[in-house]
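First listed ligand is number 1; within each ligand, the first listed atom is number 1. Predicted model only: the values in this text are computed from it and were never measured.
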Amino acid sequence: MTKPSQADEALDAPPETFEDLGLGRGLLRTIQGLGWKQPTPIQTQAIPLILGGHDLIGVAQTGTGKTGAFLLPIIEQLGEPIPHIRALVLEPTRELALQVDKALGEMLADSPLTHAIVYGGAPIGPQRLALKHGVDLLVATPGRLLDLMGQMMIYWRDLRFLVLDEADRMLDMGFMPDIERILRRLPMARQTLLFTATMPPEIARIGRDHMLEPEEVTIGFNRSIAEGITEWLYPVRADQKTALLLALLDELHIESGIIFCAMKTGADRVGEALRKRGHTVGILHSDRSQEERERTLQRFRDGEIPLLVATDVASRGLDITSITHIINHDVPRAPDDYIHRAGRTARADAKGDAITLVSPEEERSLAAVERLLERRFERSVLADFPYRGDPLGRPSRGAARKPPPSRRGGGKRRGRHHGPGHTRNR
Ligand code: AMP
C-alpha cells in the first residue's frame, strides 16, 4: 500500500539546501559544478527518502529535476566501484536513455563509478562488451536489455536499485510485458523507484506487486503548464494548416522551436514545405535511423537547426533548455501529450510560447485537452491570413472581428522571443 504524501508538509517548509538533504561532500561539489543552487521540490522530497532506503513512487513530469532526484541518492549510496551492475535505470525511449546517461556522466565526473547504456537501434556488439566488463550503473531501454539478457549472462545478484522512469510512457508504448519479464529476473532485495507523470491503474499495480511499502511524492505539475509558457490556439481548416504555420513562422523568426505533427508522414510533409520556403529544419520521428535522429538532435541543441519537425517521439523528456516555441501542427490525440509537448519550452524558469493549430475535425481532441487542464483556451486569429471561411466558425462575415495589429516585439512580453502576431478572441 502507498503511504500518504509528504508533499503537504514540504510546502510549508523553508527552502532546503542540498547540504540539508544528506548528500556527501563529493556529490555536493559535483552539484556545485553543475551550477545547481537549490534542490527542486522533487529533489527535496525524494532524496532523503531514497537515502533512507525507501521504495518510492514519484509522480512528476520531466523538467522537474527528477533525474537528479533519483541519480544523486543512488550514486551517494554506491560507494566504491565493483564490476557488477548495482543500479538499473529503465527508460522508454533511446532519447531519454541517452539523456539520463549524459546526466549520469556529468554526475560521475569525479567518481570512480562506471556506467553504461544499452538501447535498441544501435549495434549490440559494443553494448554487450560494455556489460561484459561490468559497470556500476546501467541505463537501458527494455527491449534491448531483454535481448542482451537472452544473449548473455548478466549478473544481477548485486543489484540494489531499480528505477522505472516515465512508467506511464512505458505503459503507453506497450512495454509492460517486457518490464514484467525483466522484473522477474531481478533480485527481490532491492530498492525500487518509479517515476510517472500520471497514475493509471496498471502503474498503481506495479507499486502494489513489485514494490515494498512505497512512499509517494507528488509534484503538482500534473495538469498544469509551466508559468512562463504563453499558450495560443489558432482554429483553421485542415487544408490550410501548413499555410498558416508558414505565415506564423514568417511573423515569429524562431531561433529554437519544435513543430509537432500527429503522423510521421505529416512530419515529413510539413518539414519539406518548410524547407521549400527556405527554413532550415530537422525532421525527427521513429522511421529515421538512430544515427540520423541523434545527429539531428545534436544539431538542434547546438543551434545549427532552429526548427525541428517531430512526432511525439521527441515530446517527452527531451531536455533542451533554450527552446522558445512549441507549435502543435496537430492537436495531440492523447491529451497529456499536450502537457509533455508544451513542457519542452520555458524550462528552468525561461519564457516560451506554445501554439496549437486546431481544425474542426480535431475539436474533440482539443476538448479532451481542455478537460485535462480544467480550463478553456482562448482562440486567436492571425492578422491578414487569407482564411477560407471564418476560423472562429461564426455564422456571417459581418460578425467577424477585424484582427488587431501584430504584437510582435511589443506588449508585456518578456525575454527575447515574442508572441505571434495575432489577436485572441475573448
Ligand atoms: P529533469 O526533470 O531531470 O529532466 O531536469 C530538467 C532540467 O533541470 C535539467 O536540465 C537539469 O539539469 C536541471 N536541473 C535539475 N535539478 C536542478 C536544480 N536543482 N537546479 C537547477 N537545475 C536543475
Within 6.0 angstrom of R275 CZ, more than 12 heavy atoms from elsewhere: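 Yes, because the 6.0 Å sphere around CZ of R275 holds more than 12 heavy atoms from other groups.
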
Atom CE of M263 with >12 non-hydrogen neighbours under 6.0 angstrom: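 Open: at most 12 neighbouring heavy atoms sit under 6.0 Å from CE of M263.
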
Pairs flagged by ring-ring contact (aromatic ring centres under 6.0 Å, His included) wherever residues 74-128 is involved - sequence neighbours left out: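 The answer is H84-Y155.
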
Donor-acceptor pair, side chain of D55 and main chain of L212, under 3.5 angstrom: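 At least one qualifying donor-acceptor pair exists.
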
Option whose closest heavy atom lies nearest to atom 14 (N) of ligand 1, chosen from F195, W36, F70: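 Heavy atom nearest to atom 14 (N) of ligand 1 belongs to W36.
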
If you measure every N or O of [X] against every N or O of ligand 1, does any of those distances drop under 3.5 Å?
X: K66; value: yes
X: G65; value: yes
X: Q99; value: no

Proximity to ligand 1 by part of Q38, non-hydrogen separation under 4.0 Å: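 Q38 to ligand 1: backbone contact only, side chain stays beyond 4.0 Å.
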
Residue pair D268, H285: steps toward the side-chain hydrogen bond (donor to acceptor under 3.5 Å, both in side chains) verdict: CA-CA 9 Å; D268 283 333; H285 60 61; 3.1 Å; yes

Ligand 1 atoms in contact with T40 (distance to a heavy atom under 4.0 Å):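 Going through ligand 1 atom by atom, the ones under 4.0 Å from T40 are 16 (N), 17 (C), 18 (C), 19 (N).
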
Ligand 1 atoms in contact with T67 (distance to a heavy atom under 4.0 Å): 1 (P), 3 (O), 4 (O)

Pairing of R379 and E363 as salt bridge, 4.0 angstrom limit: yes

